[in-house]
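Presented below is the structure to which this report refers.
Counting starts at 1 for both ligands and their atoms, in listed order. Below, all heavy atoms of this structure are taken into account, side chains as well, without hydrogens, waters or symmetry copies. Along the sequence shown, residues carry numbers from 1.
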Amino acid sequence: MTDSDLIRAARLARRHARAAFSGFKVGAALETADGAVITGCNIENATYGLTVCAERVAMFKALSEGHRRFRRIAIVAAAAMPTPPCGACRQILWEFGGDLDVILANLRRETGRYRLSALLPLPFDGRQLE
Ligand code: THU
């Protein structure tokens with residue numbers, strides 16, 4: 001699985017986005033440690049606050065299917081500027097995925113690449129609860 005393959009999977013997932021309110025469609029493709037790819041898209045709701053981002057849909061799908069270890073996530077939106085994960089998604093991705101490689105892309109090209117630890121420095125996580 002190359003980075004381009006993962007980006008392609010995120011672009012395909014984006015087509016399923018339910019973004020009637022913002023019109024901003026996002027796709028995500030999460031790669032597990034054993035090479036499986038679990039995708040997600042954003043799902044909006046007329047009660048706006050119930051909207052779930054593509055990244056969290058992908059992670060929750062993966063967890064609910066029994067996946068536990070992850071390597072990379074590709075995130076795609078049709079925007080020239082990079083579309084990084086929101087704060088809530090950074091927290092969820094960190095908690096369940098650890099220090100993932102985060103690959104950002106639009107419909108044409110890669111727009112950025114980060115380690116999740118660079119996007120979420122000084123995280124709150126289970127270590128604080130010990
Ligand atoms: N969104 C995502 O799905 N992922 C991101 O990384 C940024 C934002 C969604 C949420 C909402 O449906 C729309 O994009 C506009 O914020």
Quick one: look up the protein heavy atom nearest [atom] and list residue, atom name and how far away it is.
| atom | result |
| --- | --- |
| atom 15 (C) of ligand 1 | Ser22 OG, 3.7 Å |
| atom 16 (O) of ligand 1 | Phe24 CD2, 4.9 Å |
| atom 7 (C) of ligand 1 | Thr83 CG2, 4.2 Å |

How close do [X] and [Y] get, heavy atom to heavy atom, and via which atoms?
| X | Y | value |
| --- | --- | --- |
| Ala13 | Thr39 | CB-CB, 3.6 Å |
| Cys41 | Val57 | O-CG2, 3.4 Å |
| Trp94 | Arg127 | CZ2-NH2, 4.0 Å |

[X] heavy atoms, cut-off 4.0 Å: which ligand 1 atoms fall inside?
| X | value |
| --- | --- |
| Cys53 | 1 (N), 2 (C), 3 (O), 4 (N), 10 (C) |
| Pro85 | 6 (O) |
| Pro84 | 6 (O) |
| Glu55 | 2 (C), 3 (O), 4 (N), 5 (C), 6 (O) |
| Asn42 | 3 (O), 9 (C), 11 (C), 12 (O), 13 (C), 14 (O) |

Any nitrogen or oxygen of [X], main chain or side chain, under 3.5 Å from a nitrogen or oxygen of ligand 1?
| X | value |
| --- | --- |
| Thr51 | no |
| Glu44 | yes |
| Ala54 | yes |

Open item on the list: For Thr111 and Asn106: C-alpha separation, side-chain torsions, deciding distance, then whether side-chain hydrogen bond (donor to acceptor under 3.5 Å, both in side chains) applies.
Closed with: CA-CA 7 Å; Thr111 54; Asn106 60 27; 5.6 Å; no

TODO: Check the surroundings of atom CG in Leu122: do more than 12 heavy atoms from other residues, nucleotides or ligands lie under 6.0 Å from it?
DONE: no

Open item on the list: With a 6.0 Å cut-off (strictly less than), is the heavy-atom count around CZ of Arg18, excluding the residue itself, greater than 12?
Closed with: no

Task: Thr51 side chain reached by Phe21 side chain, heavy atoms, under 4.5 Å - done: no

TODO: For the residue pair Arg90 and Pro84, establish whether any side-chain heavy-atom pair is separated by less than 4.5 Å.
DONE: yes

Open item on the list: Please classify the Ala77 to ligand 1 contact at 4.0 Å (heavy-atom distances, strictly less than): side chain, backbone, both or neither.
Closed with: neither

Open item on the list: Does the protein place a non-hydrogen atom closer than 4.0 angstrom to atom 1 (N) of ligand 1?
Closed with: yes

- [ ] Output all residues satisfying side chain to side chain contact (heavy atoms under 4.5 Å, CB included) with Thr32, sequence neighbours left out; order by chain, then residue number.
- [x] Asp34, Ala36, Ile38, His67, Phe70

